[in-house]
Amino acid sequence: MNAKVFYTQPDGSERILEATPGDSIMRTAVRNGVSGIVGQCGGSLSCATCHVFVDDRDAGDFPPVSEDEDDMLDVAATDREDNSRLSCQLILTDGQEVHVTIPAVQL
Amino acid sequence: MTDTTTPVYPFGPLAAAEAVDHIRRLVNDRPMTKMTMPYGGDVWLIHRNRTARTILADPRFVRAPFRTGERQVPFFVPFPDFLRGTLQFEDPPQHTKLRKLVQKAISPKRVAAMRDSAVAFANQLIDDMTARGGVRNLVTEYAMGLPIEMLSNLLGVPSADRDKFERWSASTLAVAGKTDDEVTADMAELAAYMTDLIARRREQPQDDLLSVLAHARDRDETLTDAEILPIAFILIIGGFDNTATFLATGVLALLCNDDQRARFLTDPDGLAPTATEEILRHGSFALGHPIGGGGGLVPFVATADVEVDGQLIAAGEAVSLDPTTANHDPAAIDDPGRFDITRKDNPHLMLSYGLHHCLGAPLARMELQVGLAELFKRLPQLRLAGNPEYNRTVLTQPMTNLPVAW
């Protein structure tokens, strides 16, 4: 069963995408041309351009932030917050629904 | 009538609109073409945007055989030995260690903090140009000055040494027109200077990239001078020439396209980010020049048989991203022949993708955004005042003179 991701832009507009389980939130966004998620390094934790804020209700559904992800979140263009993640690290599972907000700048 | 001929690749210079049409038929026909390069043999050139992303994110494509010399790099020119010692020819885990250290220093956040000084320096260059008046060469008086200043700041080259650092670094520029012997001599002086600077930063760290790299050995990572020097070199070579060329191309593209320039002038700061991406993607198509196709970025070697998009790439074969075609793939880019500085979804691959995507990408983007916005804010009447000149004798064919007045 497909996962579902709700992407909210900084201006409040929302886009809802069906996603293949096993894909990341970054890959799903890039594949479908969601503005504001660049993902230039392809998920190798070396660009910090797929930064998102995960809605509190979904935050516990993913493994915790790794040391490498933590390092890169520190240098993202928009200051990190408690619910900041790099969306390349958020791998979707069967039927999962996730709500994320895209920061004002990634580059 | 349906055109049933197989679209050729490489293809010779065509008017930009015809080149876009040719690329459309090419990417429709096949994901990649095998091409024999002037040096190093055959390479698969990847045309489709999505196929290129798949390959660039696949760890089975590596660079080690080029680094070790087991395999010659398929390219237009013999690949210089000193470049094979740089980060771009490393694979994980060594690549991961080096890249992580450098990336933190050229991160989006760090680059955002450099933006104010880029704005100030761009305005200083514009002040100097307007003080001189008349017809100015925008390449030498603006487009080259901004990247080298930012690179000096990033690396931590002291102000007093800027002139000689610029002279040596500019020697690598295609526009400099120096002989091989002169370039070699300048590179040796630059290497000696950088080695000395690294030693000084080891002793007395400052807030700059060389200090960060020199002191990495104090933490869990260890970096030797022999590792730091090639990183500095790749930044100088990659960050100076390319950025200057894209900035000059961007200005010319806006001068050649009245509608896009008028649009840009309505909000230079607000439109600079999307304009920059569009110039990276399509700027060279928007200058009224014929466009040819054939060739790509630094290749990879397949470590196993890999089938991608219906095409088998055999173990040991080389693959390379061809940004010209991938940036005009209609499956990824809506109406790819349209030069549109407000384009929002612009998944171009000019700065590549994956593990080896452009190390200086955040810096390059910031410099292009600032360079374009400040110039057109200060000189909205900027106009072409003669024919641009190019150095056609070198691979990148950079602009050497962009005569402008205002």
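Basis for what follows: all heavy atoms, side chains included, without hydrogens, waters or symmetry-related copies. So that the names make sense, note that chain A is the first sequence line, chain B the second, and so on, each numbered from 1.
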Which members of residues 352-360 of chain B, sorted by number, sit under 4.5 angstrom from chain A on a heavy-atom basis?
B:Ser352, B:Tyr353, B:Gly354, B:Leu355, B:His357
Winner by heavy-atom pair count (cut-off under 4.5 Å) against chain B, out of A:Cys41, A:Ser35, A:Gly33, A:Ser44
A:Cys41
Which answer fits B:Leu56, side chain, backbone, both or neither, if we ask what part of it has an atom under 4.5 Å from a heavy atom of chain A?
neither
Listed by number, the residues in residues 326-344 of chain B that come under 4.5 Å of chain A (heavy atom to heavy atom) are B:Lys344
Would A:Gln40 and B:Leu351 count as a side chain to side chain contact (heavy atoms under 4.5 Å, CB included) here? Give the steps.
CA-CA 9 Å; A:Gln40 182 129 29; B:Leu351 302 177; 3.4 Å; yes
Most contacts with chain B, counted as non-hydrogen pairs under 4.5 angstrom, among A:Val105, A:Asp71, A:Val75:
A:Val75
Please state whether the side chain, the backbone, both or neither of A:Asp79 comes within less than 4.5 Å of a heavy atom of chain B.
both
Is it the case that over 12 heavy atoms from other parts of the model lie below 6.0 angstrom from the CG atom of A:Asp11?
yes
In this structure, are over 12 heavy atoms from other groups packed under 6.0 Å from B:Arg263 atom CZ?
no
Please name the pair of heavy atoms, one in B:Asp345 and one in A:Val34, separated by the smallest distance, quoted to 0.1 Å.
OD1-C, 4.4 Å
Heavy-atom nearest pair, B:Pro108 first then A:Ala48, reads CG-O, 4.3 Å
When rounded to the nearest 0.5 Å, the distance separating CZ of A:Arg31 from CZ of B:Arg53 is 11.0 Å
B:Arg365, CZ: over 12 other non-hydrogen atoms inside 6.0 angstrom:
yes
Separation between CE of A:Met72 and CD of B:Gln103, rounded to the nearest 0.5 Å
5.0 Å
What part of B:Ala113 gets within 4.5 angstrom of chain A, counting heavy atoms only: side chain, backbone, both, or neither?
neither
Hey, are A:Asp68 and B:Lys100 close enough for a salt bridge, meaning a charged N less than 4.0 Å from a carboxylate O?
yes
On a heavy-atom basis, which atom in A:Gly42 and which in B:Ala57 lie closest, and how many Å separate them?
O-CB, 4.5 Å
